[in-house]
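What follows is a short report on a single structure.
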Amino acid sequence: MDHTIATHLLSQQEMARRLGLNVTDLTCFAFVLEAGEELLTAGDLAERAHVTTGAVTGILNRLERAGYITRRPDPNDRRRVRVAAQPAAVARVHALYEPYYARLAALIADYSPDEVAVLADWFTRQGQLAREYMDKIRETDT
């Protein structure tokens with residue numbers, strides 16, 4: 001497991017480097033993509049990325065300068081902005097990740113539907129466990 005995690009981290013660093021980003025900025029952009037049409041606020045992004053709102057401001061500034069996002073006024077609250085992905089940036093990210101995702105799809109195709117269900121359950125539960133543990137250890141920071 002440690003080797004898998006380390007390999008994944010190195011892979012993300014390489015993907016970020018190829019996109020001209022750092023890993024934290026790429027992760028935040030991934031959250032923007034995941035949100036789709038439900039545009040995130042800076043506060044939403046800070047919460048998802050587990051960073052301060054001050055840190056998110058710097059992240060958004062870098063992503064905007066690099067052409068990855070735009071900020072849009074929140075129609076319900078003029079004090080807030082929403083974050084939208086730039087279509088050209090979405091295309092760059094998809095072009096980089098699609099070959100990898102195709103390989104993952106081929107790998108998953110080797111498993112039966114029942115096996116895929118077990119894998120999906122494990123990854124879902126492991127992700128929740130990781131988030132909960134991260135929250136727990138962050139409580140000790142205060």
Side-chain angles (χ1 to χ4, degrees), residues 1-111 113 115-142:
M1 183 61 105
D2 288 341
H3 181 77
T4 298
I5 291 168
T7 301
H8 174 74
L9 291 171
L10 291 171
S11 171
Q12 285 302 96
Q13 287 177 341
E14 181 60 22
M15 297 292 209
R17 185 189 69 77
R18 289 177 179 270
L19 293 166
L21 300 173
N22 65 50
V23 172
T24 302
D25 293 358
L26 177 58
T27 300
C28 287
F29 187 66
F31 287 131
V32 171
L33 293 178
E34 181 182 57
E37 297 299 316
E38 298 295 321
L39 302 182
L40 300 176
T41 65
D44 295 333
L45 195 54
E47 185 176 317
R48 289 181 190 198
H50 288 270
V51 298
T52 65
T53 53
V56 140
T57 299
I59 291 165
L60 293 177
N61 287 344
R62 288 189 300 273
L63 287 172
E64 192 169 41
R65 276 194 308 270
Y68 280 83
I69 59 111
T70 58
R71 294 173 177 154
R72 297 182 184 166
D74 185 318
N76 300 318
D77 185 343
R78 293 184 309 187
R79 296 169 294 172
R80 286 189 190 167
V81 296
R82 299 266 174 186
V83 182
Q86 289 281 45
V90 173
R92 282 195 306 275
V93 170
H94 283 181
L96 183 60
Y97 277 90
E98 280 176 0
Y100 177 63
Y101 288 151
R103 289 177 180 208
L104 284 176
L107 177 63
I108 290 291
D110 289 342
Y111 293 93
E115 291 170 325
V116 171
V118 170
L119 290 169
D121 177 65
W122 188 88
F123 279 106
T124 300
R125 292 171 57 194
Q126 179 277 329
Q128 182 62 35
L129 183 144
R131 283 185 293 281
E132 289 170 359
Y133 185 69
M134 185 171 39
D135 289 342
K136 181 175 179 51
I137 63 174
R138 284 202 168 135
E139 289 173 3
T140 64
D141 290 345
T142 56

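Below, all heavy atoms of this structure are taken into account, side chains as well, without hydrogens, waters or symmetry copies. Sequence positions, counted from 1, serve as the residue numbers for this chain.
- Interatomic distance, CG of L96 versus CG of L19, reported as 5.0 Å (0.5 Å rounding).
- Taking CE of M1 as the start and NE2 of H3 as the end, the distance is 12.5 Å to the nearest 0.5 Å.
- Between the CD atom in Q13 and the CZ atom in R18 there is a gap of 13.5 Å [rounded to 0.5 Å].
- A heavy-atom distance below 4.5 Å is found between the side chains of D135 and H50.
- To the nearest 0.5 Å, atoms CG (L26) and OH (Y97) are separated by 4.0 Å.
- Rounded to the nearest 0.5 Å, atoms CG (L104) and OH (Y100) are 4.0 Å apart.
- Taking every heavy atom of both residues into account, L21 and A66 meet most closely at CD2-CB, 4.4 Å.
- Between the CZ atom of R62 and the CG atom of N22 there is a distance of 5.5 Å, given to the nearest 0.5 Å.
- Shown here for L60 and I69, the closest heavy-atom pair between the two residues is O-CD1, 3.7 Å.
- Sparse packing is recorded around CD of E38, with 12 or fewer heavy atoms of other residues, nucleotides or ligands lying under 6.0 Å away.
- Here the closest non-hydrogen pair linking I108 and L119 is CD1-CD1, 4.4 Å.
- Closest non-hydrogen pair, L63 versus C28, comes out as CD1-CB, 4.4 Å.
- Pairs engaging residues 13-42 under the ring pair (Phe, Tyr, Trp, His ring centres under 6.0 Å) rule: F29-Y68 [sequence neighbours left out].
- Taking 4.0 Å as the cut-off between side-chain N and carboxylate O, E14 and R17 count as a salt-bridged pair.
- Judged by distance alone, with hydrogens and angles left aside, the side-chain atoms of S11 form no donor-acceptor pair with the main-chain N or O of T7 at under 3.5 Å.
- No more than 12 heavy atoms of other residues, nucleotides or ligands shown are found within 6.0 angstrom of OH on Y111.
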Checklist entry - Given H8 and T4, is the side chain to side chain contact (heavy atoms under 4.5 Å, CB included) satisfied, shown in steps? => result CA-CA 6 Å; H8 174 74; T4 298; 5.6 Å; no
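- At least one donor-acceptor pair closer than 3.5 Å links the side chain of R82 to the backbone N or O of L39.
- Residues R125 and D121 are paired through a salt bridge, judged by an N-O separation under 4.0 Å between the basic side chain and the carboxylate.
- Atom CZ of R92 has more than 12 neighbouring heavy atoms from other residues, nucleotides or ligands inside a 6.0 Å radius.
- Under a 3.5 Å cut-off, the side chain of T57 and the backbone N or O of T53 do form a donor-acceptor pair.
- Contact check for T41 versus D44: side-chain heavy atoms found under the 4.5 Å cut-off.
- Heavy atoms only, all atoms of each residue included: A85 and V90 are closest at CB-CG2, 3.6 Å.
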